[in-house]
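Only heavy atoms go into these numbers, but all of them, side chains included; no hydrogens, no water, no symmetry mates. Just so we're on the same page: letters track the sequence lines, and every chain starts at 1.
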Amino acid sequence: MNLPHQSQIAPVPASACVRARAQESSHLVSADPAAASPLDAATTIDVAELLQRCSGDTNFAGRMLRKFQHRVAGEVERIKAAVSAHDAPAARKVVHTLCGTAGNLSASGLHRITEEFEALIKNERIEEVRGNLECLETEVDRLLETIGDLLVEWEGESGSGTPDCEESRAALAL
Amino acid sequence: MNRFPAQKDCKMKILVVDDDELSLDMLEHALVAEGYDVLRAANGREALEILKDGLCRLVITDWDMPEMTGIELCRAIRSTDLGGYIYLILLTSHRGTDDLVEGMSAGADDFISKPFHAAELSVRVRAGRRVVSLETRDMAIFALAKLAESRDPETGRHLERVQRYSQTLAGQLSRSARFARQIDPEFIRLVYLTSVLHDIGKVGIPDSVLLKPGRLSAAEFEVMKTHATLGAQTLDAALTRFPDARFLQIARDIAASHHERWDGTGYPQGLKGESIPLCGRIVSLADVYDALTSKRTYKGAFQHGVARAIIVEGSGTHFDPDVVGAFLEVEARFVEIHEQFGVETNVAPAGCEQRPGIRKHEADASAIVAVTVLG
């Protein structure tokens with residue numbers, strides 16, 4: 001099976017605010033001197049790594065991505081609510097879960113943002129999280145679009161669409 | 001008909017613990033692909049319940065979880081008798097040295113960084129599997145002890161009880177400043193593991209003595225007493241080949257000294273006081289308590305209160321006073337163990353009459369104590 005390379009599925013450029021945050025964060029700086037900006041070269045999702053974690057099973061990887069599609073909006077809303085209420089423990093809990101999920105799905109951009117959110121909350125800088133919630137939402141939008149493309153691509157490779165794929169398209173249409 | 005279980009029934013079980021369902025799914029998928037059976041728990045409490053069935057020996061747990069964190073789960077597992085060693089891998093995004101120290105202090109054996117890498121997960125689980133497989137050594141030790149015990153059919157689940165009594169006493173002693181440096185967790189575990197070998201030397205006692213239904217002559221009694229030396233010699237032979245094996249050293253000391261008495265009147269060497277190895281002093285009390293509270297052909301099972309009184313009376317003569325002190329602190333646990341592993345129900349009333357003469361079991365210090373006190 002011809003698996004998609006990460007460059008095929010991450011064409012969406014990083015948003016300005018995410019890029020600015022990336023430049024502030026030394027650990028995000030690419031080792032590649034040719035990279036103009038760390039997140040210019042960053043991928044929304046590292047498919048090769050995701051499939052390696054899923055033993056090359058695109059059906060299973062697809063199921064995981066669909067689970068993520070279904071729940072991420074709720075998690076973002078819970079983060080926003082907790083941050084607005086200055087409820088650091090609640091915010092940290094949801095951010096931590098989202099960070100873990102992003103890591104498992106090799107959603108590099110979201111993983112970096114949520115990692116930083118966790119650190120900020122831990123260091124009692126929840127106000128800075130509030131100021132960057134838009135970055136989170138932008139990245140989640142980017143990610144959902146990429147996941148949609150990826151699922152369609154996998155569906156094409158595997159032949160007819162599964163009920164899950166149909167469900168996925170319906171979710172994206174919403 | 002195939003009498004052997006299918007291969008799938010022999011897969012190693014791994015318990016994964018995480019409050020995030022997606023994370024559980026991904027770990028499970030990766031582990032199943034490696035050929036493992038996977039059990040799932042959403043939190044530490046669920047995990048402990050699953051572990052109580054004794055079928056799972058390797059746990060991969062997230063660190064940050066509500067209700068019970070991974071660290072708390074590690075501590076709970078280490079402080080609970082789950083029937084064997086549980087290999088613990090903490091799945092964590094905590095990367096600092098302090099976190100590593102905290103995790104390992106709580107009882108974790110290894111760490112896997114989040115998000116996990118399939119190849120790393122595979123090799124770390126294999127490392128854990130190697131450690132867990134060392135327990136086959138423990139099983140071999142127990143099987144050997146059971147084989148020796150099988151020649152002496154009266155004793156029921158004596159070995160299991162002595163193991164647990166000894167473990168309980170060692171654990172209690174470790175809490176006192178006097179023994180804190182001498183008794184580490186490994187010592188407690190090794191006493192638990194090797195106390196089953198205390199009577200291994202009985203395999204060398206002729207049937208005519210060991211299985212004699214009637215009274216032992218003085219000469220036969222002397223033969224019976226050699227089981228302590230025979231056991232020590234057997235284990236010495238193993239120690240010669242594996243001199244660094246601490247479990248063999250402790251097993252040897254227990255076999256050699258569990259019939260020694262604090263006042264120097266025991267056998268085989270007549271050692272006195274602290275010259276008797278601590279492990280031997282511990283198992284001595286455990287063995288006597290079990291003999292007193294178990295039914296024998298020549299006596300009924302004494303109730304706990306009677307056994308307690310005999311042991312307290314033997315403090316400073318038969319038994320190390322510190323070990324007796326520890327026993328009094330944990331006597332409720334002794335009763336629990338007896339109830340959990342005891343099968344003898346023929347309870348003799350206090351002051352029951354003893355048959356005169358030297359019985360074969362009087363090679364056990366227990367019977368000597370019983371005759372001394374009650375006879």
| Euclidean distance, T97(A) OG1 relative to M65(B) CE, rounded to 0.5 Å | 12.0 Å

| query | Do H96(A) and D62(B) have side chains that get closer than 4.5 Å, going by heavy atoms? | reply | yes

| query | Do M26(B) and L105(A) touch side chain to side chain, with heavy atoms closer than 4.5 Å? | reply | yes

| message | Which heavy atom of A118(B) sits nearest to which heavy atom of R53(A), and what is that distance? | response | CB-CA, 4.3 Å

| Check: Q52(A) and H117(B) side chains under 4.5 Å, non-hydrogen atoms | yes

| Are any of the side-chain nitrogens in K67(A) or D20(B) under 4.0 Å away from the carboxylate oxygens of its partner? | no

| note | Here the pair of heavy atoms bringing L22(B) nearest to F68(A) is CD1-N, 4.2 Å

| said: Could you report the tightest heavy-atom contact between S55(A) and A33(B), atom names first, then the distance? | reply: OG-CB, 3.5 Å

